[in-house]
Structure formats: C-alpha cells, structure tokens
Amino acid sequence: MLLRYLGSSVAQQLDRDLMSPSGGFSIDQLMELAGLSCAEAVYRSYPPQPDRQRILVACGPGNQGGDGLVAARHLKHFGYTPIVWYPKRKDASLFHGLVQQLHNLRVEFADTEHLPASALDDAHLVLDAIFGFSFHGEPREPFKSTLENLVQRTLPIVSVDIPSSWNVDDGPQTSALARSFMPDVLVSLTAPKRGSAFFTGGKHWLGGRFVDAALDAKHIAGRGHYRCHAP
C-alpha cells in the first residue's frame with residue numbers, strides 16, 4: 001500500500017483535529033484503536049507459540065505508554081503473556097483505568113524504576129511504547145539505559161509509531177543511541193512519520209486508520225510517499 005508520511009507539526013495538528021468537535025474522537029477512543037492495532041501487528045508478525053509468548057511491553061510516561069497498556073490487554077486476550085514495565089506512571093483517570101484493567105487480568109508488572117535484567121532474559125520479544133512523535137532530545141533515565149540494553153540484545157522489537165529515541169522528523173540521526181536502535185517491526189499510527197523513512201527493519205505496518213476524507217485532504221494528500229503493510 002502506498003501511503004504518505006507526516007512531519008511532527010502536521011502529526012500533532014492532525015491529532016488535535018481528530019479530537020476536536022468536528023473530528024468527534026476522544027483520547028481514550030484513539031488510544032484504544034492504536035493499542036489494538038499494535039497488538040494485531042504483533043500477532044501478524046509473531047504469532048503466539050510456546051516459545052514466543054512472553055512479551056515485555058515497555059511503556060513511557062505519555063500517551064504512547066497508554067497505547068502500550070491497551071496493547072498489553074489485547075495481547076493477553078490473544079494468548080500471549082505480557083509483562084508490563086511502566087516506571088513513570090501518568091496520574092490521570094484514563095491511565096489509572098488502563099492499569100486496573102491489566103491488574104484485573106492478572107497481567108504482571110515489572111514494578112521497578114530500572115528494568116531488571118531478568119525481565120529481558122525471560123522475554124521472547126519487546127513492544128516498544130516508550131516515546132512517541134512528540135519526543136525530542138536525549139532519552140532520560142530510566143529509559144536511556146533500557147534502550148541501551150535492548151540494543152545489546154537480539155530480542156525482536158516492535159516499535160509503536162516511531163522507534164524510541166528517534167526524532168520524528170530526522171529519524172535516528174540525532175544521537176549515537178538512536179543510530180544504534182533499529183526495531184524489527186514498526187507500527188505507524190494514522191500515517192507514517194517522516195523519520196520512519198530511515199526504518200530498515202523487516203515489517204512496517206499501518207495501524208489506527210481513522211482519518212476521514214476531509215482530514216486526509218487537509219493533512220496527508222499531496223505529501224511524500226512511503227510504502228507500508230496494512231493489517
């Protein structure tokens with residue numbers, strides 16, 4: 001499928017328009033659709049098997065982390081065993097609810113600020129939901145050391161929207177850590193972001209397709225082309 005990709009300012013405005021009165025979406029609706037798309041991309045890329053069930057879901061402090069929490073719930077229902085690392089929890093009712101839903105399903109949390117090595121040792125793959133398209137600069141702890149540990153391992157990595165530590169416009173060109181971090185699968189949400197042009201992993205999925213014709217014409221049509229798979 002031939003698609004367009006967006007810069008950070010356009011992606012942010014598109015999100016605002018989706019959640020405006022004319023767009024009609026709420027943040028929890030968008031997060032639910034995004035998280036479900038990520039879980040479906042994991043399922044299609046790495047179907048659950050006895051030796052590929054334990055998924056470490058690494059969640060950041062913002063809405064990207066919320067996408068990861070939603071994905072973890074769906075992955076549990078899909079037959080995986082998710083383990084959630086969520087060290088910087090957002091103090092908001094939406095996120096409290098997402099965490100409670102996982103507790104109700106008896107999903108395990110790695111409740112330490114720094115990700116324990118045992119969590120990576122036990123995982124079969126990683127869902128990277130740490131930083132999203134609003135990320136700029138250098139990752140801070142505890143996320144920096146976790147990303148460095150992921151680079152040193154051979155675990156398959158599925159990144160949500162933009163690989164964590166990458167700049168949404170410039171891709172991995174901004175730091176040594178970003179240049180060394182290349183996930184195996186990328187799940188672009190709504191539309192691929194400009195930085196994803198540097199992605200050379202195995203599969204690139206498009207998820208969260210909820211843009212209507214008017215918003216497409218306003219924000220996406222006429223921009224650069226990129227090729228993705230669509231679940």
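These values consider heavy atoms only, across backbone and side chains, with no hydrogens, waters or symmetry-generated copies.
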Would you be so kind as to tabulate the donor-acceptor pairs closer than 3.5 Å made by side chains of residues 114-121, with sequence neighbours excluded?
unit_1 : atom_1 : unit_2 : atom_2 : d
Asp121 : OD1    : Arg153 : NH1    : 2.7
Asp121 : OD1    : Arg153 : NH2    : 3.3

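- Asp17 is linked by a side-chain hydrogen bond (donor to acceptor under 3.5 Å, both in side chains) to Gln13, Lys218, His219, counting only residues two or more places apart in sequence or in another chain.
- Between the side chain of Lys203 and the backbone N or O of Gly201 there is no donor-acceptor pair closer than 3.5 Å.
- Across Thr112 and Trp85, no two heavy atoms sit closer than the pair O-NE1, 3.1 Å.
- Applying the side-chain contact (heavy atoms from CB on, under 4.5 Å) test to Pro156 and every residue at least two apart in sequence or in another chain returns Tyr46, Leu125, Asp184.
- Within 6.0 Å of NZ on Lys144 lie no more than 12 heavy atoms contributed by other residues, nucleotides or ligands.
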In sequence, state the C-alpha distance, the side-chain angles, and the governing distance for Gln101 and Val70, and then conclude on side-chain contact (heavy atoms from CB on, under 4.5 Å). CA-CA 9 Å; Gln101 291 162 17; Val70 172; over 6 Å; no
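- Residues Ser164 and Ile130 share a closest heavy-atom pair of OG-CB, 3.2 Å.
- How far CG of Asp15 is from CG of Leu189: 9.0 Å, rounded to the nearest 0.5 Å.
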Working for side chain to side chain donor-acceptor pair (under 3.5 Å), residues Trp205 and Ser45: CA-CA 10 Å; Trp205 298 97; Ser45 302; 2.8 Å; yes
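- One finds the CG atom of Leu94 at 7.0 Å from the CD1 atom of Ile27 (value rounded to the nearest 0.5 Å).
- Applying the side-chain contact (heavy atoms from CB on, under 4.5 Å) criterion to Leu36, with sequence neighbours excluded, gives Glu40, His74, Phe78.
- Pro48 is linked by a side-chain contact (heavy atoms from CB on, under 4.5 Å) to Tyr43, Tyr80, counting only residues two or more places apart in sequence or in another chain.
- For Val84, the side-chain contact (heavy atoms from CB on, under 4.5 Å) partners are Val57, Cys59, Leu69, Ala72, Tyr86, Leu102, Val107, Phe109, not counting sequence neighbours.
- Taking CG from Leu186 and CD1 from Ile162, the interatomic distance works out to 6.5 Å, rounded to the nearest 0.5 Å.
- Between the side chains of Ser159 and Trp166, no donor-acceptor pair is found at a separation under 3.5 Å.
- Residues Pro61 and Phe143 form a side-chain contact, since some pair of their non-hydrogen atoms from C-beta on lies under 4.5 Å apart.
- In this structure a side-chain-to-backbone donor-acceptor pair under 3.5 Å is missing from Ser196 to Phe199.
- Within the 4.5 Å cutoff, no side-chain heavy atoms of Asn167 are placed close to those of Gln173.
- Within the model, atoms CG of Asp161 and OG1 of Thr190 stand 7.0 Å from one another, a figure rounded to the nearest 0.5 Å.
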Apply side-chain contact (heavy atoms from CB on, under 4.5 Å) to Val158 and Leu127, showing your working. CA-CA 5 Å; Val158 179; Leu127 180 64; 3.8 Å; yes
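- A donor-acceptor pair is defined here as one N or O able to donate and one able to accept, closer than 3.5 Å; no such pair exists between the side chain of Asp67 and the backbone of Ala34.
- How far CZ of Arg106 is from OG1 of Thr81: 14.5 Å, rounded to the nearest 0.5 Å.
- Note: Glu113 CD to Thr146 OG1 = 9.5 Å, rounded to the nearest 0.5 Å.
- Two residues are said to be in side-chain contact when any heavy atoms from C-beta on lie closer than 4.5 Å; Ile83 and Asp122 fail this criterion.
- What you find for Ser145 and Glu141 is that their closest heavy atoms are OG-OE1, 2.8 Å.
- Pairing each heavy atom of His204 with each of Pro192, the nearest pair is CE1-CB, 4.2 Å.
- Between Pro139 and Phe131, the shortest heavy-atom contact is CB-CE1, 3.8 Å.
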Can His96 and Asp91 be said to form a side-chain contact (heavy atoms from CB on, under 4.5 Å), step by step? CA-CA 7 Å; His96 296 326; Asp91 187 12; 2.8 Å; yes
Show your reasoning for whether side-chain contact (heavy atoms from CB on, under 4.5 Å) applies to Lys193 and Ser8. CA-CA 7 Å; Lys193 310 309 182 290; Ser8 56; over 6 Å; no
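- Of all heavy-atom pairs between Lys88 and Pro142, the closest is CE-CD, 3.6 Å.
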